Peer 1: 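Can you keep this structure in mind? I'll have questions shortly.
Values in this document were obtained by computation on a predicted structure and should not be read as measured data. In this chain, residues are counted from 1 in sequence order.
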Amino acid sequence: LARWEGRAVRRTAATVALTAEDARRLAALAGRPDRVRVVPAPFPDRLPDAGRSLPGEPPVVVLGSAGWPPNRDGLRWLAAAWPRVRTVLPAARLHVFGSDLGAAVPAGDASIVVHPPPADSRQAFAPGSVLVVPLRVASGVRMKILEAWARGVPVVATPEAARGLDAEDGRQLLLAATAEQLARALERLRREPALAGALVREGREILRRRHALPLVAGALMRLWTETLRTER
């Protein structure tokens, strides 16, 4: 795959990466740093939420398709960490959106609820919930984190899942690499009601500063114009 990606970058007039880290890796594979540019993914800074809450104090949400192996791996890690979360938050409920992910969680645990894939993604971003992104292998940008900010939902993520977002632990989201850190992060959100709002506000600032559609469209137009001029 690495050899294929390097050849692909060398053959193209320009390559667009979503993050600076991805751009560096692609440029190194191709040996052509001049062929790779960074343009963030576009995303609005505000979207409506689900309009209704989910059970749990707090309701913890994880979503994704089991067709991507890192999702299955991440959910297994989260399921193994869940008993530790329940020791500090006994009323918490884990809501898994994506019925094909259900096989990755233990059966018979009443605190884990498996939902079918939502017809509208807003159903997974209920008011008062917390999005957990437990990926341990990742690249690019987690669009679900951008959507959580836009819909007003705080995020707890592994360092791998948050990579590429220019987000800081304790400012736009909370990072957790172990079961203990996950439990403490969720407990902190429960104990400090104002923290969730602060994380979302800072996350929306990233959306406005880096992911606003006019900014992204302008960057792409400049890239296309320069590339066409150079190739001619």
Peer 1: Remaining members of Val200's ILVMFWY cluster at a side-chain heavy-atom cut-off under 4.5 Å?
Peer 2: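 Val200 shares its hydrophobic cluster with no other residue.
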Peer 1: Does a side-chain N-to-carboxylate-O contact under 4.0 Å join Glu160 and Arg136?
Peer 2: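 A salt bridge is absent here (no side-chain N lies under 4.0 Å from a carboxylate O).
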Peer 1: Walk me through whether Val85 and Val60 qualify under side chain to side chain contact (heavy atoms under 4.5 Å, CB included).
Peer 2: CA-CA 10 Å; Val85 173; Val60 178; 5.6 Å; no
Peer 1: Between Trp82 and Ile112, does the side chain to side chain contact (heavy atoms under 4.5 Å, CB included) criterion hold? Intermediate values first, please.
Peer 2: CA-CA 9 Å; Trp82 187 244; Ile112 301 177; 4.0 Å; yes
Peer 1: Other than Val38, which residues form its hydrophobic cluster under the rule that side-chain heavy atoms must be closer than 4.5 Å?
Peer 2: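 In the cluster with Val38 there is nothing else; it is isolated.
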Peer 1: Show, in sequence, the C-alpha distance, side-chain angles and deciding distance for Val130 and Val155, and conclude whether the side chain to side chain contact (heavy atoms under 4.5 Å, CB included) test is met.
Peer 2: CA-CA 6 Å; Val130 180; Val155 177; over 6 Å; no
Peer 1: With sequence neighbours excluded, tell me which residues meet salt bridge (charged side-chain N to carboxylate O under 4.0 Å, His left out) with Arg163.
Peer 2: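 Applying salt bridge (charged side-chain N to carboxylate O under 4.0 Å, His left out) to Arg163 gives Glu21.
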Peer 1: Which residues pass the salt bridge (charged side-chain N to carboxylate O under 4.0 Å, His left out) test with Arg32, sequence neighbours left out?
Peer 2: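 Counting only residues at least two positions away or on another chain, Arg32 forms a salt bridge (charged side-chain N to carboxylate O under 4.0 Å, His left out) with Asp34.
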Peer 1: List the atom pairs, donor and acceptor, that lie under 3.5 Å between side-chain atoms in residues 203-216 and the rest of the protein, sequence neighbours left out.
Peer 2:
from, atom 1, to, atom 2, distance (Å)
Arg204, NE, Asp45, O, 3.3
Arg204, NE, Trp149, O, 3.0
Arg204, NH2, Ala150, O, 3.0
Glu205, OE1, Arg208, NE, 3.4
Glu205, OE1, Arg208, NH2, 3.2
Arg208, NH1, Asp45, OD2, 3.2
His211, ND1, Ala41, O, 2.6

Peer 1: Only counting residues at least two apart or in another chain, list the ones meeting salt bridge (charged side-chain N to carboxylate O under 4.0 Å, His left out) with Arg142.
Peer 2: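 Scan of Arg142 (salt bridge (charged side-chain N to carboxylate O under 4.0 Å, His left out), adjacent residues dropped) gives none.
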Peer 1: What's the shortest heavy-atom distance between Ser129 and Val153, and which atoms?
Peer 2: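 Between these two residues, the closest heavy atoms are O-CG1, 3.5 Å.
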Peer 1: Please list all pairs meeting side chain to side chain donor-acceptor pair (under 3.5 Å) that have one or both residues in residues 48-59, counting only residues at least two apart or in different chains.
Peer 2: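 Checked against side chain to side chain donor-acceptor pair (under 3.5 Å) - neighbours excluded - the pairs reaching residues 48-59 are Glu57-Arg190.
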Peer 1: Using salt bridge (charged side-chain N to carboxylate O under 4.0 Å, His left out) as the criterion, list what pairs up with Arg35, not counting sequence neighbours.
Peer 2: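 None.
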Peer 1: In a table with atom names and distances, give each donor-acceptor pair under 3.5 Å that connects a side chain of residues 172-185 to protein atoms at least two apart or in another chain.
Peer 2:
from, atom 1, to, atom 2, distance (Å)
Gln172, OE1, Glu168, N, 2.7
Thr178, OG1, Gln181, N, 3.1
Glu180, OE1, Arg84, NE, 2.6
Glu180, OE1, Arg84, NH2, 3.1
Glu180, OE2, Arg84, NH2, 3.2
Glu180, OE2, Arg184, NE, 2.8
Glu180, OE2, Arg184, NH2, 3.4
Gln181, OE1, Ala177, N, 2.6
Gln181, OE1, Thr178, N, 3.4
Arg184, NH1, Glu187, OE1, 2.8

Peer 1: Run the side-chain contact (heavy atoms from CB on, under 4.5 Å) test against Ala198 and tell me which residues pass, sequence neighbours left out.
Peer 2: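 Expected list: Arg201.
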Peer 1: Arg122: which residues meet the side chain to side chain donor-acceptor pair (under 3.5 Å) condition with it, sequence neighbours left out?
Peer 2: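 Side chain to side chain donor-acceptor pair (under 3.5 Å) check on Arg122 returns Asp120.
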Peer 1: Please, which pairs that meet side chain to side chain donor-acceptor pair (under 3.5 Å) have at least one residue in residues 2-13, sequence neighbours excluded?
Peer 2: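 Qualifying pairs, neighbours excluded: Thr12-Thr15.
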Peer 1: Go through the steps for Arg151 and Ser121 under the test side chain to side chain contact (heavy atoms under 4.5 Å, CB included), then give the verdict.
Peer 2: CA-CA 10 Å; Arg151 296 196 189 277; Ser121 66; 3.4 Å; yes
